[in-house]
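Below is one structure, written out as structure tokens, with a few remarks after it.
Just so you know, these numbers come straight off a predicted model, no measurement behind them.
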Amino acid sequence: MPLHALAILILAAALHACWNLLVKRAGEKQVFTWWAIIVGSFCFLPVVLFSPALPTRVYPYILASAIAEAAYFVALTLAYKYGDFSLVYPIARGAAPALLLIWTTIFLGERRTPQELIGVAILLLGLMVVGGGGWWAQRQGVKLSKAAIFSALLVALCISIYSVIDGAAVKFVPAAPYTTVVLGVTGLLTAPAVLVRYGRQAMVAEWRANWVRICIVGVLSLVTFVLVLFVYSFAPVGLAGAVREISVVFAALLGWWWLNEGFGLLRTIGAALIFAGILTIALAG
């Protein structure tokens with residue numbers, strides 16, 4: 001993988017961790033995230049209006065990606081309903097890149113060298129260690145239900161599906177307008193579910209309480225997705241999708257720095273494994 005692609009993905013991962021920290025502090029996280037999607041899409045609307053019109057053949061990609069994104073939000077809600085964050089998160093974020101490698105091989109014709117596969121395997125192991133640090137620390141109190149595991153795998157499936165769709169689309173359309181339209185459609189598709197579940201009053205209250213942070217997250221999230229899809233446009237989607245998950249490390253570091261969460265030996269080992277995996281991928285390219 002080109003070094004400048006790795007640099008962009010690392011920047012995107014850092015931004016992803018930053019805006020997720022703001023989401024973590026929100027009252028109603030799903031409502032907060034929905035508002036952020038709407039605001040971000042609105043802020044980037046000029047990019048769509050002043051860019052060349054997207055070709056008609058990209059419309060099925062936009063709709064399919066938006067449906068997969070909407071399914072992702074539903075699956076994530078179910079996963080956190082049935083299981084603990086410390087179990088759901090590492091399964092979802094670790095399994096998604098593995099599934100993405102399969103889809104990119106089947107649908108995009110990408111072929112990985114043995115060295116690249118070794119690098120991805122090391123990286124995924126590191127993701128599981130960092131993301132699962134909480135589970136290892138308190139495994140006696142963590143609920144291991146089949147429903148939680150199934151829901152977490154469903155989250156991973158949704159991530160891998162919309163990632164391969166987006167990776168195929170940005171091979172022939174610009175990343176910025178495409179991302180803006182996809183997330184805008186996602187916001188529209190998820191609006192009824194959010195409204196039914198939380199009610200208009202809760203949605204208005206969340207906006208009034210957190211509109212500044214919602215706007216910040218909306219802009220940062222759009223920038224993050226645009227950066228990732230820009231890399232997808234010229235780099236192997238399967239590898240880029242794995243590398244972008246280093247946001248797990250940045251999230252753990254921010255949690256340690258700002259929220260007084262433990263980092264510990266396991267997460268340090270996991271971070272070292274992730275670095276080793278990325279270095280292996282970089283040297284393979």
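Judged by distance alone, the side chain of E110 and the main-chain N or O of G238 form a donor-acceptor pair under 3.5 Å. With hydrogens and angles ignored, the 3.5 Å screen pairs a side-chain donor or acceptor of K171 with a backbone N or O of Y232. Panel note: side chain R244, backbone A12; no donor-acceptor pair is recorded below 3.5 Å. Not a single donor-acceptor pair under 3.5 Å links the side chain of S51 to the backbone N or O of V48.
Closest of all the heavy-atom pairs between Y178 and S65 is OH-CB, 3.7 Å. Between L222 and S41, the closest heavy-atom pair is CD2-N, 4.0 Å. Of all heavy-atom pairs spanning A242 and V120, the tightest one is CB-CG1, 4.3 Å. Closest approach of A98 to L124, counting heavy atoms only: CB-CD1, 3.9 Å. In terms of heavy-atom proximity, V185 sits nearest to A66 at CG1-CB, 3.5 Å. A pairwise comparison of heavy atoms in A68 and Y162 identifies CB-CB, 3.7 Å as the closest pair.
Aromatic ring centres of F172 and Y61 lie closer together than 6.0 Å.
Under a hydrophobic clustering in which Ile, Leu, Val, Met, Phe, Trp and Tyr are joined whenever their side-chain heavy atoms come within less than 4.5 Å, directly or via other members, V226 and L220 fall into different clusters.
Each of L227, V228, T224 was checked for a side chain to side chain contact (heavy atoms under 4.5 Å, CB included) with L11, and the lone residue meeting it is L227.
Taken from CG in L239 to CG in L100, the straight-line distance is 9.5 Å, to the nearest 0.5 Å. Atoms CZ and OG1, from F44 and T179 in turn, are 9.0 Å apart once rounded to the nearest 0.5 Å. In this structure, CD1 in I10 is found 5.5 Å from CD1 in I278, a value given to the nearest 0.5 Å. Put simply, CZ on F225 and OG1 on T180 are 11.5 Å apart, with the number rounded to the nearest 0.5 Å. Within the model, atoms CG of L99 and CD1 of I161 stand 8.5 Å from one another, a figure rounded to the nearest 0.5 Å.
Counting heavy atoms from C-beta outward, V237 and V164 have side chains that stay 4.5 Å or more apart.
The aromatic rings of W207 and W35 lie tilted to each other, with the angle between the two planes from 30° to 60°.
Heavy-atom contacts from other residues, nucleotides or ligands closer than 6.0 Å to CZ of F42 number 12 or fewer.
W103 and S160 share a donor-acceptor pair across their side chains, judged by distance under 3.5 Å alone.
For R208 and E206, the salt-bridge test fails: no basic side-chain N is under 4.0 Å from an acidic carboxylate O.
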